[in-house]
Amino acid sequence: MLPILVGGFIAGLLDMTSAYVTFGRYMPIGIAGGLVGPAARHISPGLYILGLAIHYLIAFSAAAAYCLASKKLTFLREHFLVCGLVFGIVFFLFMNLVVLPLSAYHAMGPYTYRGLVQVLVAHMFLIGLPISTSLRMFSR
């Protein structure tokens, strides 16, 4: 449980910081918009909090998925550096090919090469690596 909490919190915090720098202070409203749709055009504290809650729910879910998978796939724990980086790429692909198309935005590209590389590197180092490292540090 501790690896999920620590890994999810750190990954969520790092990713949120990166998103604030990239998209600005209303980034949580954009996340909430994926759930509520056009209603997100009206900025409110409730939508802001909803966006933050969704953001952390996704981060904790990613950490839980990695930790649960590591029970059967022990190499995830043993080779945490490489597996964490690969998990960051897998997480990016899942978010962009499954979650975003199903959201109220129905988001699908197009991506610039530079933007794609930046986002992949961010997911590798800001999401995948903290989750795999927390599993390595806090698992029994």
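Just so we're clear, the structure is a prediction, and the values are computed from it rather than from any experiment. Basis for what follows: all heavy atoms, side chains included, without hydrogens, waters or symmetry-related copies.
- V86 and L93 fall into different hydrophobic clusters, defined by Ile, Leu, Val, Met, Phe, Trp and Tyr side-chain heavy atoms under 4.5 Å apart, directly or through other members.
- When all heavy atoms of A39 and L47 are compared, the pair lying nearest together is O-CD1, 3.7 Å.
- Atoms OG and CE, on S103 and M95 in that order, are 8.5 Å from each other to the nearest 0.5 Å.
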For residues 128-135, run the donor-acceptor check on the side chains, cut-off 3.5 Å, and write out each pair with its distance to 0.1 Å, sequence neighbours left out.
{"residue": "S132", "atom": "OG", "partner": "F80", "partner atom": "O", "Å": "2.9"}
{"residue": "S132", "atom": "OG", "partner": "G128", "partner atom": "O", "Å": "3.3"}
{"residue": "S132", "atom": "OG", "partner": "L129", "partner atom": "O", "Å": "3.2"}
{"residue": "T133", "atom": "OG1", "partner": "L129", "partner atom": "O", "Å": "2.7"}
{"residue": "S134", "atom": "OG", "partner": "P3", "partner atom": "O", "Å": "3.0"}
{"residue": "S134", "atom": "OG", "partner": "G7", "partner atom": "N", "Å": "3.4"}
{"residue": "S134", "atom": "OG", "partner": "P130", "partner atom": "O", "Å": "3.4"}
{"residue": "S134", "atom": "OG", "partner": "I131", "partner atom": "O", "Å": "2.9"}

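- Note on L68 and M137: separate hydrophobic clusters, where clusters join Ile, Leu, Val, Met, Phe, Trp and Tyr whose side-chain heavy atoms are under 4.5 Å apart, directly or indirectly.
- Expressed to the nearest 0.5 Å, how far CD1 of I10 lies from CG of L5 amounts to 11.0 Å.
- A continuous path of ILVMFWY side-chain contacts below 4.5 Å connects V117 to L97, so both sit in one hydrophobic cluster.
- Between the side chain of S70 and the main chain of C67, a donor-acceptor pair closer than 3.5 Å is present.
- A donor-acceptor pair under 3.5 Å is absent between the side-chain atoms of R77 and the main chain of R136, judged by distance alone.
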Scan the side chains in residues 48-65 for donor-acceptor partners under 3.5 Å anywhere in the protein, sequence neighbours excluded, and list what turns up.
{"residue": "Y48", "atom": "OH", "partner": "Y20", "partner atom": "OH", "Å": "2.6"}
{"residue": "Y48", "atom": "OH", "partner": "R25", "partner atom": "O", "Å": "3.1"}
{"residue": "H55", "atom": "NE2", "partner": "G12", "partner atom": "O", "Å": "2.9"}
{"residue": "S61", "atom": "OG", "partner": "L57", "partner atom": "O", "Å": "2.7"}

Evaluation steps, side chain to side chain contact (heavy atoms under 4.5 Å, CB included), between I127 and L14 | CA-CA 7 Å; I127 296 172; L14 292 174; over 6 Å; no
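- Using cut-offs of 30° and 60° on the angle between ring planes, the pair H123 and F91 is tilted.
- Here the OG-CD1 distance, from S44 to I29, works out to 6.0 Å after rounding to the nearest 0.5 Å.
- Looking at L116 and F92, their side chains come closer than 4.5 Å, going by heavy atoms from C-beta outward.
- A continuous path of hydrophobic side-chain contacts links Y66 to V98 [ILVMFWY only; heavy atoms under 4.5 Å].
- Both Y113 and V121 are members of a single hydrophobic cluster when ILVMFWY side chains are connected at heavy-atom separations under 4.5 Å.
- F125 places a side-chain heavy atom less than 4.5 Å from the side chain of L85.
- Atoms OG1 and CE, on T17 and M27 in that order, are 8.0 Å from each other to the nearest 0.5 Å.
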